[in-house]
Amino acid sequence: MTAERRRMWPLYAAGFTTAFGAHGIAANLGGFAGDAVTSLLVLGGLLALYDGAEVLLKPLFGTLADRIGARPVLLGGLVAFAAASLVYVVADSPGWLWAARLGQGAAASAFSPAASALVARLNPAAKHGRAFGSYGFYKSIGYTLGPLLGGLLVWAGGLRLLFAVLAVLGAVVAAWALLAVPVVQPLAMARQTVLDLVRRLTEPAFLAPTGALAAATAALSVGVGFLPVSGRAAGLGTIATGAAVSLLAACAAVVQPWAGRALDDGRLAIRTGLITGLVVTAAGLAAAVLPGLAGVLISAALIGLGTGLITPLGFAALAAGTPAERLGQTMGSAELGRELGDAGGPLLVAGVATLTSLAWGFAALAALLAAGAALAAVRRAGVARPRE
């Protein structure tokens with residue numbers, strides 16, 4: 001293994017950690033924490049704690065990473081994640097479960113954007129596609145294995161065992177990063193006013209990839225959450241619906257390294273890839289209205305392929321369009337956009353489904369993504385058209 005690859009592996013492990021921690025616990029709270037989860041409202045609150053902390057804190061920790069360096073923020077976040085997980089292991093009570101979950105979300109808000117910034121800083125621009133493709137691959141593996149391995153751990157030793165494993169995981173990845181990730185000095189930054197920040201975050205170079213990333217996350221969340229519902233309504237069992245979710249995650253994981261390599265090799269342009277990803281994802285959402293197992297599997301595969309195509313290209317575009325001294329702030333703000341998509345997609349589908357049906361909910365989000373792809377294509381045509 002080359003020195004260049006050795007310093008990247010802890011960053012990939014950090015991406016896996018945040019994904020595994022988020023989905024591993026979330027998938028098992030409702031069924032295995034009866035003493036702490038006494039109602040659906042309490043369950044919703046516990047699920048929202050993690051994401052809520054990320055929405056509020058990721059931009060702040062991203063900015064901090066620019067000021068003091070991304071490596072200290074990465075290490076501090078991983079250590080805090082281990083400590084927060086250990087809280088529930090030591091104090092097994094409903095109140096401390098809330099504290100542990102909030103602490104995990106706050107800690108992930110620190111090390112997640114810091115890891116993304118380091119992926120960009122430690123690789124030349126010509127290799128950003130490969131780097132972010134690999135980072136996304138291991139993060140997708142965390143999302144895939146979280147519910148399964150988390151369920152096995154909870155079955156074997158209860159929720160405390162899962163938190164104990166997460167504490168060990170956070171500590172091990174922190175020690176690994178301390179040894180393998182080099183010191184990356186923060187770059188000198190020109191003074192930035194609030195108006196400067198707003199102007200930079202409203203430019204197309206930020207909004208376009210962040211919007212695509214938010215759309216991909218919305219579709220991924222909807223696929224994971226609602227495809228099993230659609231499958232059960234069609235008379236499918238838990239094995240079939242579970243296989244569909246696994247297929248979605250597997251497709252998203254496999255396509256990301258390919259997309260990154262294609263970008264670096266010049267075989268795929270960022271704008272073309274993002275538009276294609278949005279179209280494929282929209283087609284996957286639309287396919288969810290097809291009856292039976294075929295509709296569920298086709299939908300899962302297309303959503304996975306589309307979101308897997310968007311993710312590395314979106315982050316590579318953000319890295320390419322951001323001054324190196326502001327990478328942490330940009331990555332944190334982009335992660336905020338993804339979190340909003342993660343929450344907004346299911347809310348949109350659920351709201352439309354409540355008024356009509358689940359099929360119309362899928363169709364509504366599909367139409368939104370298709371409109372985004374069409375808008376991006378029109379903008380591209382306008383830029384490509386020569387001036388008269």
Side-chain angles (χ1 to χ4, degrees), residues 8-29 47 49-55 57-58 61 74 77-78 80-82 84-85 101 103-116 118-119 131-154 162-163 165-170 172-174 176-177 213-214 216-225 245-246 248-257 303-304 307-308 310-312 314-315 331-332 334-339 341-343 345:
M8 293 302 298
W9 279 107
L11 303 180
Y12 300 154
F16 173 88
T17 299
T18 183
F20 182 79
H23 279 205
I25 294 177
N28 293 285
L29 277 175
L47 293 175
L49 268 181
Y50 194 99
D51 291 332
E54 290 188 309
V55 167
L57 296 177
K58 274 185 174 180
F61 280 118
L74 173 76
L78 287 166
F81 185 86
S85 302
R101 196 61 178 155
Q104 286 180 329
S109 302
F111 72 78
S112 183
S116 298
L118 283 166
V119 168
F132 281 111
S134 297
Y135 181 73
F137 172 81
Y138 288 103
K139 205 166 184 178
S140 294
I141 293 298
Y143 287 132
T144 305
L145 296 182
L148 174 62
L149 292 184
L152 290 175
L153 289 169
V154 172
L162 175 55
F163 273 85
V165 169
L166 289 172
V168 172
L169 178 62
V172 168
V173 176
W176 191 6
L213 288 168
T217 308
L220 188 63
S221 182
V222 165
V224 171
V245 173
S246 297
L248 188 158
C251 289
V254 169
V255 79
Q256 289 192 57
I303 291 174
T307 57
I310 290 169
T311 302
F315 278 113
M331 294 302 174
E335 290 283 359
L336 168 60
R338 296 185 77 196
E339 294 297 334
D342 194 19

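These figures come from a predicted structure and were not determined experimentally. Position 1 is the first residue of the sequence, and the numbers go up from there.
Residues L166 and I25 meet the side-chain proximity criterion, which asks for heavy atoms closer than 4.5 Å. Side-chain contact check for I303 versus V222: every heavy-atom pair is 4.5 Å or farther apart. Using a 4.5 Å heavy-atom cutoff, the side chains of T311 and K139 are not in contact. Proximity of S140 to Q256: side-chain heavy atoms (C-beta onward) are separated by under 4.5 Å at one or more points.
By the 30° and 60° cut-offs, the orientation of the rings of F20 relative to F16 is parallel. Using cut-offs of 30° and 60° for the angle between ring planes, the F315 and F132 rings count as parallel.
Listed here is the closest heavy atom pair of T18 and A108: OG1-CB, 3.6 Å. For the pair L162 and G24, the tightest heavy-atom approach, listed with the atom from each and the gap, is CD2-O, 3.6 Å. The minimum heavy-atom distance between A84 and G103, with the atom names listed, is CB-C, 3.6 Å. Pairing each heavy atom of A14 with each of L74, the nearest pair is CB-CD1, 4.1 Å. Contact detail for L78 and F111: the closest heavy-atom pair is N-CD2, 3.7 Å. Annotation for A167 and S85: closest pair N-CB, 3.6 Å, computed over non-hydrogen atoms.
Note: W9 and Y138 meet the aromatic proximity criterion, with ring centroids under 6.0 Å apart.
Rounding to the nearest 0.5 Å gives a distance of 5.0 Å between OG1 of T307 and CG of L220. For the atom pair CH2 (W176) and CG (L169), the distance works out to 10.0 Å, reported to the nearest 0.5 Å. Note: L152 CG to L145 CG = 10.0 Å, rounded to the nearest 0.5 Å.
Between the side chain of S109 and the main chain of G105, a donor-acceptor pair closer than 3.5 Å is present.
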